[in-house]
Amino acid sequence: MRQVREILKLRLDVGLSGRVIAQQLGVGETSVRDTLKRLHREGLTWPLPDTISDRELEQRLYGTPGKKAGRQKQSEPDWSAVARELKRKHVTLQVLWEEYIARDPDGFRYSRFCELFRNWHGRLPLVMRQSHAGGEKLFVDYAGDKVAVVDRKTGVVRDAHIFVAVMGASRGVSGILCGGP
């Protein structure tokens, strides 16, 4: 338990300095100053009324024990659901954050949301390591939506697929444009 009454008595009745009070009671000088500031902030006067117990005095000056003052911890989104949603077409962290902030207006700002997601995602274990001899295999995948390609001579617009090809162990990426029907 804090020595609130002793600090107040030694300072306001006896008139000792903060350093002497700290030495006599075995507390820090900042604790003495802080106690006096809290007394004035609460609007209490010395001598204290007899009706105020030590527990009530401490609660008025320092708040309820076990409760931290300041911001409450914000609830985090379900990061596994965020990761699942990111696999869908045209879904980005920006879109997911906008949905999150619509549900919880006091939630994390966008940069913190992204940082927390990256931290969560970075803790996931790698699940697929592959070892390939250079040039042995070619990995191909389509890279999103079709793009419009205009023939300069005729002006005809055609849709085209873009795909990415990577050779195993090559660390190189080749993109090839392929016309579609």
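- The environment of CZ in Arg19 is sparse: at most 12 heavy-atom neighbours from other residues, nucleotides or ligands sit within 6.0 Å.
- Closest approach of Phe163 and Val140 over heavy atoms only: CD1-CG1, 3.3 Å.
- When hydrophobic clusters are built by joining Ile, Leu, Val, Met, Phe, Trp and Tyr residues whose side-chain heavy atoms come closer than 4.5 Å, directly or via intermediates, Ile52 is grouped together with Leu61.
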Indicate every side-chain donor-acceptor pair of residues 110-124 with a distance under 3.5 Å to a residue at least two apart or in another chain.
unit_1 : atom_1 : unit_2 : atom_2 : d
Arg112 : NH1    : Glu115 : OE1    : 3.3
Asn119 : ND2    : Glu115 : O      : 3.4

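- Across every non-hydrogen atom of Val157 and Ala148, the tightest pair is CG1-CB, 3.8 Å.
- Proximity of Leu10 to Val32: side-chain heavy atoms (C-beta onward) are nowhere separated by under 4.5 Å.
- Side-chain contact between Leu44 and Leu57: present, with at least one pair of heavy atoms (C-beta onward) separated by less than 4.5 Å.
- In this structure, Phe108 and Ile101 have side chains that are not in contact, with every pair of non-hydrogen atoms separated by 4.5 Å or more.
- Using a 4.5 Å heavy-atom threshold, the side chains of Val166 and Leu138 count as separate.
- Cluster annotation: Val150 is not connected to Ile162 through the hydrophobic network of ILVMFWY side chains, with a link wherever side-chain heavy atoms come within less than 4.5 Å.
- Inspection of the His90 and Asp145 side chains reveals an N or O donor paired with an N or O acceptor under 3.5 Å.
- Linking ILVMFWY side-chain heavy atoms closer than 4.5 Å, directly or via other members, places Val14 and Ile7 in a single hydrophobic cluster.
- By the 4.0 Å N-to-carboxylate-O rule, Arg5 lies close enough to Asp54 to be salt-bridged with it.
- Counting heavy atoms from C-beta outward, Val91 and Leu96 have side chains that approach closer than 4.5 Å.
- Here the closest heavy-atom approach between residue Gly28 and residue Ala22 is recorded as C-CB, 3.9 Å.
- Of the candidates Leu39, Leu48, Thr35, Val4 forms a side-chain contact (heavy atoms from CB on, under 4.5 Å) with just one, namely Thr35.
- Nearest heavy atom pair, residue Lys9 against residue Trp46, reads CA-CZ2, 3.6 Å.
- A donor-acceptor contact shorter than 3.5 Å links the side chain of Arg11 to the backbone of Leu16.
- With sequence neighbours excluded, the residues forming a salt bridge (Lys or Arg N to Asp or Glu O under 4.0 Å) with Asp34 are Arg38, listed by chain and number.
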Apply side chain to side chain contact (heavy atoms under 4.5 Å, CB included) to the pair Leu93 and Leu86, showing each step before the final yes or no.
CA-CA 7 Å; Leu93 274 176; Leu86 279 173; 4.0 Å; yes

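- If you take CD on Glu58 and CD on Gln3, they are separated by 10.5 Å, rounding to the nearest 0.5 Å.
- Using a 4.5 Å heavy-atom threshold, the side chains of Met167 and Phe139 count as separate.
- Every side chain to side chain donor-acceptor pair (under 3.5 Å) that Ser80 has, sequence neighbours left out, goes to Asp78.
- Using a 4.5 Å cut-off on side-chain heavy atoms (C-beta onward), Leu8 and Asp13 make no contact.
- Rounding to the nearest 0.5 Å gives a distance of 7.5 Å between OG of Ser17 and CD of Glu29.
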